[in-house]
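Just so we're on the same page: letters track the sequence lines, and every chain starts at 1. In what follows, every heavy atom counts, from backbone to side chain, and hydrogens, waters and symmetry copies are set aside.
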There are 2 protein chains.
Amino acid sequence: MPDHTSPPDKRATIYDVAAEANVSPSTVSRAFSKPSRVNSETAERIRQVAERLGYRTNPLARALTTSRTHMIALVIADITNPVYAEIVRGAQEAAMSGEYTTVLIDAQESDRLERAAIERAMSTVDGIVLASSRMSDSAIRMFAKQRPVVVLNRAISDVPCVVTDNPRGVRRVAEHLGELGHDHITYVSGPQASWPNGTRWRALLEAGMELEIKVRQIGPFSPTIEGGERAAVELFARPATAVLAFNDQMAIGLIRGLNRMGVDVPGDVSIVGFDNIPAADIVTPGLTTVAAPLYAEGSAATRHLLTMIRGAHGHTGRPMVLPVRLVIRRSTATRNPSPGRARSPWVRQRPRPNPAARLS
Amino acid sequence: MPDHTSPPDKRATIYDVAAEANVSPSTVSRAFSKPSRVNSETAERIRQVAERLGYRTNPLARALTTSRTHMIALVIADITNPVYAEIVRGAQEAAMSGEYTTVLIDAQESDRLERAAIERAMSTVDGIVLASSRMSDSAIRMFAKQRPVVVLNRAISDVPCVVTDNPRGVRRVAEHLGELGHDHITYVSGPQASWPNGTRWRALLEAGMELEIKVRQIGPFSPTIEGGERAAVELFARPATAVLAFNDQMAIGLIRGLNRMGVDVPGDVSIVGFDNIPAADIVTPGLTTVAAPLYAEGSAATRHLLTMIRGAHGHTGRPMVLPVRLVIRRSTATRNPSPGRARSPWVRQRPRPNPAARLS
DNA sequence: CTGAAAGCGCTAACAC
DNA sequence: GTGTTAGCGCTTTCAG
């Protein structure tokens, strides 16, 4: 049984290899650097010896001299939110293939926590990907001054950004809802510190203008199922026939909350989400939502970060924008399906005993 | 606009502080170590100077001498699986409060990937938490020889483990199903490399024995919604009235797959999952499942790891076992509700147009 | 192409 | 308590 009281095994060092291979330590070092600037014959011998001794270059020592740790930080707003899973995967993959290790930081939707965690990791990483950061622009810029930073899902001038085409997504939602006969859309707002939240609302305002659809906003609510349930209560007091939620979790919460109060989705109200998380496909009714290329987001941001770390100037011009698409499921339907029923959509104000009668 | 071509700002070093405060570097060092073994007056002065100079101790350099990086690795089987979210949170929290940073590694359900990633991180971390590792026992033992390791959701002799009370959970499921009149339970198996998978099956065998319930197993399938859907097809060929799935994702996939084929849950078949992920509460019908204290798992494992890193011998006796509880929702029901209907549960072999008629 | 020497920023022995 | 002296394992000048 291993005893970990004392520091772990001393591994073979560069000196051991050097001695064994009859060369100087610096030659061993050179044999392991990128363009192996060593006589290919001795290089081979060195590699053999290293293999035999189980030598592994010590990243810490290397980092101390090169000031490159080969680690990047990936900060996400909330690990509990499934959207980040694919983003993390994309980032990991890109990092891996660039010989980089990823340190994941979960900000738990807290500005304060996020800053603290980044501050701690700062000196240990070569760069940072900020996915859906809740920090202020100025805080982000401050970090960006000390380390390469790429921001995901947010546009900040002077910092390289990767975003999805929110305006286009919202526009598609508005068109879709319009075609179904809705002339009024309620936006259920997420965290105010969230950049896409503001962007989506503004895009909706604009789309409403062009398509002659009235819009309004309620909230903010927490971007969770629970937040959506709370929104349902408020929505119940100020009825609507079509709702766009900040994200899928909120949309799912909305459906649940409304059902509980006897409101039928999509019979009484159509609901649209954002993100296309896996759960969007398993709720009843299936959630109409705007899908983003999550994996690509993580991967693009990370690749961009790596090029910056390697010396590029991070083209800070326009943010890189990734396409989205509208996924239509069952949570959206034509308004007032039965023509004779021109009443308010919220006719049944009393909870029905069983909300399962939505055969429509 | 910052130029990252050259290494980032040289930060103030211990020497700068020493010079400014008129003390030796080692004194500065001492002033920053745990029991600050320095004249409290000069300690204060040093701290002031450090503050003014924006001095931050360089963790890399520190690690080089102490061989303690203050980082641990947390390896999870699949970041896409929501169970890990809370585990990660628990681990992060525990790590944080122990002044440790967590490096998250997503193994993507791949033995190979897992090993590779750990090998890369190995020399950079002081210890490892292996959550639901897919590696062989011997591989794990090998790592455990080089670094402190705590294994989560798996029992391996000679390595400290934290597990949940799978046998008890399964037992409760069997009892519950038995009370509902089921005399036969089908276990839908997950990954064979998964320890809890085998454990749960064996526990079911045993419980079946005692409670006089017949059991059988199908699979293995991938532990995802898709895997569950595939299992549904196989299940359709060999009907059952009660099913225990390896995890919630599979259970949800099962429900979907069965519904699609015209089989009603829980009317025709009762389904139970494992884990109580958030989605278990939002599917229709709500999923009966075995809940584990996810956050506590992550936190316990990590705290244990930290004590080992600090020199304890990792009491390798029995694994630490955490309690579970059965969460009963709508996916389980009494067998053959209408007494006159003593037919096979799979009477409707043709897909029904609408599976919503489950008012039970 | 290779060796020698210096040092990254910090801590750990030792002395005083 | 505090200063002095060596390094941790590697890279990087600078010579040859």
Side-chain angles (χ1 to χ4, degrees), chain A residues 6-47 49-50 53-71 99 122-126, chain B residues 6-47 49-50 53-71 99 122-126 146 311:
Chain A
S6 51
D9 313 343
K10 296 282 170 218
R11 301 196 122 291
T13 76
I14 215 171
Y15 297 109
D16 303 328
V17 177
E20 201 79 358
N22 258 320
V23 288
S24 73
S26 40
T27 304
V28 176
S29 172
R30 285 192 270 259
F32 279 99
S33 58
K34 300 296 147 158
S36 171
R37 295 150 318 146
V38 172
N39 183 343
S40 62
E41 183 190 314
T42 54
E44 185 50 34
R45 181 161 42 100
I46 290 174
R47 221 156 281 154
V49 174
L53 265 50
Y55 167 76
R56 327 223 42 174
T57 150
N58 177 336
L60 269 56
R62 189 211 288 272
L64 195 55
T65 48
T66 61
S67 58
R68 288 272 173 277
T69 60
H70 275 233
M71 293 200 275
E99 308 260 79
M122 189 61 126
S123 48
T124 312
V125 298
D126 294 345
Chain B
S6 50
D9 313 343
K10 295 283 171 220
R11 300 196 122 292
T13 76
I14 217 172
Y15 297 108
D16 303 328
V17 177
E20 200 79 358
N22 258 318
V23 290
S24 75
S26 41
T27 305
V28 177
S29 172
R30 287 193 270 258
F32 280 98
S33 58
K34 302 294 146 150
S36 172
R37 297 152 312 152
V38 172
N39 183 343
S40 62
E41 182 190 316
T42 56
E44 185 49 34
R45 182 160 42 101
I46 290 174
R47 220 156 282 155
V49 174
L53 265 49
Y55 167 76
R56 326 226 42 177
T57 149
N58 177 336
L60 271 55
R62 186 210 290 271
L64 195 55
T65 49
T66 60
S67 57
R68 288 272 173 278
T69 61
H70 274 235
M71 293 200 275
E99 306 262 79
M122 190 61 126
S123 48
T124 312
V125 298
D126 294 344
Q146 306 174 56

* Contacts of type side chain to side chain donor-acceptor pair (under 3.5 Å), residue A:T69, not counting sequence neighbours -> A:D126
* Whole-Å distance between D:dG9 P and A:R11 CZ? -> 12 Å
I'd like a list of close polar pairs between nucleotides 11-15 of chain D and the protein, N/O only, cut-off under 3.5 Å.
residue, atom, partner, partner atom, Å
D:dT11, OP1, A:R62, NH1, 2.8
D:dT11, OP2, A:S29, OG, 2.8
D:dT11, O4', A:T65, OG1, 3.1

* Asked: Whole Å only: how far is the CG atom of B:N39 from the C1' atom of D:dG3?
  -> 15 Å
* Write down the atom of A:I46, the atom of A:A21, and the distance for their closest heavy-atom approach. => CG1-CB, 4.3 Å
* Asked: the helix from C:dC1-D:dG16 to C:dC16-D:dG1: angle between its terminal axes, five pairs each, to 10°?
  -> 30°
* What are the two closest heavy atoms between A:L60 and B:S123, and how far apart are they? -> CD1-O, 4.3 Å
* Structure fact -> For residues 23-35 of chain B, the side chain to side chain donor-acceptor pair (under 3.5 Å) pairs (sequence neighbours left out) are B:S24-B:S26, B:S24-B:T27
* To do: Apply the test side chain to side chain contact (heavy atoms under 4.5 Å, CB included) to residues B:T124 and B:M71: give CA-CA distance (whole Å), side-chain angles for both, the deciding distance (0.1 Å), then the verdict.
  => CA-CA 7 Å; B:T124 312; B:M71 293 200 275; 3.3 Å; yes
* Protein-nucleotide distance (B:N58, atom CG; C:dC8, atom P), rounded to Å -> 12 Å
* Find the distance between CE (B:M122) and CD (B:Q146) and round it off to the nearest 0.5 Å. => 4.0 Å
* To do: Take the protein atom CZ of B:R56 and the nucleotide atom C1' of C:dC8, then report the distance between them rounded to whole Å.
  => 20 Å
* Asked: Which residue pairs pass the side chain to side chain donor-acceptor pair (under 3.5 Å) test with at least one member in residues 36-47 of chain A, sequence neighbours excluded?
  -> A:E44-A:Q48
* Whole Å only: how far is the CG atom of B:D16 from the P atom of C:dG9? -> 9 Å
* Structure fact -> Checking D:dC10, D:dG3, C:dC10 against the side chain of B:S24 (C-beta onward), the nearest is D:dG3
* Asked: So what does B:T42 hit on the nucleic acid, given a heavy-atom distance under 4.0 Å: a base, only sugar-phosphate, or nothing?
  -> sugar-phosphate
* How close or far is atom P of C:dT11 from atom CD1 of B:I46, stated in whole angstroms? -> 12 Å
* Asked: Distance from A:L53 atom CG to A:Y55 atom OH, nearest 0.5 Å?
  -> 11.0 Å
* Rounded off to whole Å, could you give me the CZ-to-C1' distance for the A:R45 and C:dT2 pair? => 12 Å
* To do: Not counting sequence neighbours, which residues clear side chain to side chain donor-acceptor pair (under 3.5 Å) with A:T57? List them please.
  => A:R62
